[in-house]
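Here is the structure we will look at, set down as structure tokens.
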Amino acid sequence: MKRLLILGATSDIARACAHRFAADGFSLVLAARKPDELDRDVKDLQIRYDIEVKTVPFDVLDMEQHRAFFQSLNPLPDGVLCAIGTMNGNEDAMSDPQKLKVILDTNLTGPAAILTLAAEAFRKRGSGFIIGISSVAGNRGRGTNYPYGSAKAGFTAFLSGLRNRLNKSGVQVITVLPGFVRTRMTENMDLPEKLTAEPDKVAADIFKGWKKGKSVIYTKGIWRLIMLIIQHIPEFIFKRMKL
Amino acid sequence: MSYQTKISGWGRFPVTETRENRIRKTDDIRTALAADGSILARGLGRSYGDASLAPEVLSMLPSNRMLAFNEKTGLLRCESGVSLDEILRTFVPRGWFLPVTPGTRFVTIGGAIASDVHGKNHHVAGSFCDHISSLKIMTADGKIKSCSPRKNTALFRASCGGNGLTGVIVEAGIRLIPVESAWIRQTTVKAANLDELTAQFEMHKTATYSVAWIDCLAGGDAMGRGILFAGEHAAKEEVKEKFPLVLKPGPMIPVPVSLPAFTLNPLTVRLFNNSYFNLAARKPGPSLVNYRSFFYPLDKVANWNRIYGSRGFVQYQFVLPESAGITGLRNILGEIVAAGTGSFLAVLKQFGKGNGNFLSFPMAGWTLALDFPEKPSVFQLLDRLDSQVSEMGGRIYLTKDSRMSAETFRTGYREKVNAFMKIKGETDPGNRFASLQSKRLEITP
């Protein structure tokens, strides 16, 4: 039976992905800081898909425990999906280095650390896949969002480098770049409807991309074009814009 | 989590600005209750009028977890945001079916309970809530209360069909029924007028499912002509499929934009009705159809509500008690035919006995569901129909309504309104749960 490890399993995108992969017959290991919050989801996934689901406690900021956590996974999963991320305290982080560190660690250092362990294990086995959910916010730093954006930029670069390094080792690395998604993270933000995806749509795009062996997935697809334009705005104009 | 958006019922009339809160766990409801103002739980928004509209709504769609299933009894316990479609996709392949289903599978369990929806088997199986074993409701005080036909009966009776006005349904137990296949043995019978059609219902009254399409433009001798569809769950031997319980995913036909309002006019509806009536005649008798075609023909067309154009449409469904007889039905039908406004979808059904739920719609007698484009002459016609229905002791379905008067409501639901108001006053004295409809019907201030 195929097995998927989901890191940050309480997030809305993770939950949608759990359903999508479970429908394909994957059994699931759901890792979250507070795994008991997932009790109802576990029952739901078991009833709907008749699969094995278990939860494990995992704190992305507690990096010293990452190795022990990963080694405790038995058997080694076929794939890992990392949906960890936060925008909490984004604004405070612009003036408070401690808060900036939490954002960078949660979105970049922690996920990169745990995926490094996964990548090594998969490389040795010669198979596996790693799906990292980054963000279009990482494609160019913006004045309103750069703590989160810079962390995601780092994470995108990490995934890109990992993919390059593991290219011949049988390990597939996928970078997911969502635009606006209607989740807890974007709560109370008034998002433009046409550019905003539901978590189910993001999960469907990820699954399709994984099946097709894609490397980089924009979701919604229109964001590829939007970011292409944004990235090509000359800096002397960009720095004056309110974004 | 909340955001500003515009919502409407399935009829796309009226439209209202709302603050939508997504409910993932029961604490999210408490957060919404902690603020001021009236709120209302909402599911997939398939009620037609304003029953699910409020300035602040709680979307129960993220609360869609299945919590327990008993393989022996078919009892499913789940959160209220689970849709009938999800239940069918999960359980039909295992040999279970919904005990009662409305004409769309894109409704939530919570919505189906709040509307106490009915289906083609009402005459033998009752309505949706007759198959609900228990409910959990969060009331205005933030407490979760269990109720069932035996426990906290009054709260149960008020909440089943209560349009979310007693609180937020968070969990329900529903008894699924065993089936051997995903197929229905359908019998189609053509009837040349109302007498023939009602006689056909009489002949098929032991059928598990029965419903008729009726041509609302045909007058004179042909008034009330229609086609009766009767159905039974097919046994596995009847189905020549390797996996009789499994259906291939069907195609979804989109209606990407609102069609111009003139698309449906008396002429095009007449053309449609004629060809539909005559096509059905070509292959009368029994045939095997899958459950999606039998129960949910319109679900194949995503956003079929756009065919009425951007102004939307009004649904109108009334029931006349048995005492009104076929004469009562004929009088009302005569009024509709004379108006010539043209109802694209007109559905006739004979209800069995109603249940004790305070605001449930069904009662023994004839029910007719119609839809009309949103325009002034239609509202005048419906006002006339209201008074006829009231006079004969009938009533209007709240789930489809967007325009009846508070008086029509009170006359139709009679003493049951008082029973409902008593519970409403006890559980929600501050009227925290209210809808545009409840205000219009003076259920809430």
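Chain naming here is simple, since letters A, B, ... match the order of the sequence lines and numbering starts at 1 in each.
- Separation of atoms CG (B/Asn64) and NE2 (A/His19) is listed at 6.0 Å; rounding is to 0.5 Å.
- With a threshold of 4.5 angstrom between heavy atoms, A/Asp41 approaches chain B through its backbone and through its side chain.
- Among the candidates A/Val42, A/Asp39, A/Ile47, the residue making the largest number of heavy-atom pairs closer than 4.5 Å to chain B is A/Ile47.
- Heavy-atom contacts from other residues, nucleotides or ligands closer than 6.0 Å to CD of A/Glu52 number 12 or fewer.
- Looking at B/Arg19, the atoms closer than 4.5 Å to chain A (heavy atoms on both sides) all sit in the side chain, from C-beta outward.
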Chi angles and distances behind the salt bridge (Lys or Arg N to Asp or Glu O under 4.0 Å) call for B/Glu171, A/Arg40 | CA-CA 12 Å; B/Glu171 257 179 60; A/Arg40 286 174 164 248; 2.6 Å; yes
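- Note: B/Arg24 CZ to A/Thr183 OG1 = 7.0 Å, rounded to the nearest 0.5 Å.
- A salt bridge is defined here as a Lys NZ or Arg NE, NH1 or NH2 lying under 4.0 Å from an Asp or Glu carboxylate O, and B/Glu86 with A/Arg48 meets this definition.
- A salt bridge is absent between B/Arg94 and A/Asp50: the closest approach of a Lys/Arg side-chain nitrogen to an acidic carboxylate oxygen does not fall below 4.0 angstrom.
- Summarising the geometry, atom CG belonging to A/Asp44 is positioned 7.5 Å from atom CD belonging to B/Glu79; distances are rounded to the nearest 0.5 Å.
- Under 4.0 Å is where a charged nitrogen must lie from a carboxylate oxygen, and between A/Glu193 and B/Lys6 no such pair does.
- In this structure the side chain of A/Arg182 reaches within 4.5 angstrom of the side chain of B/Arg22, judged on heavy atoms.
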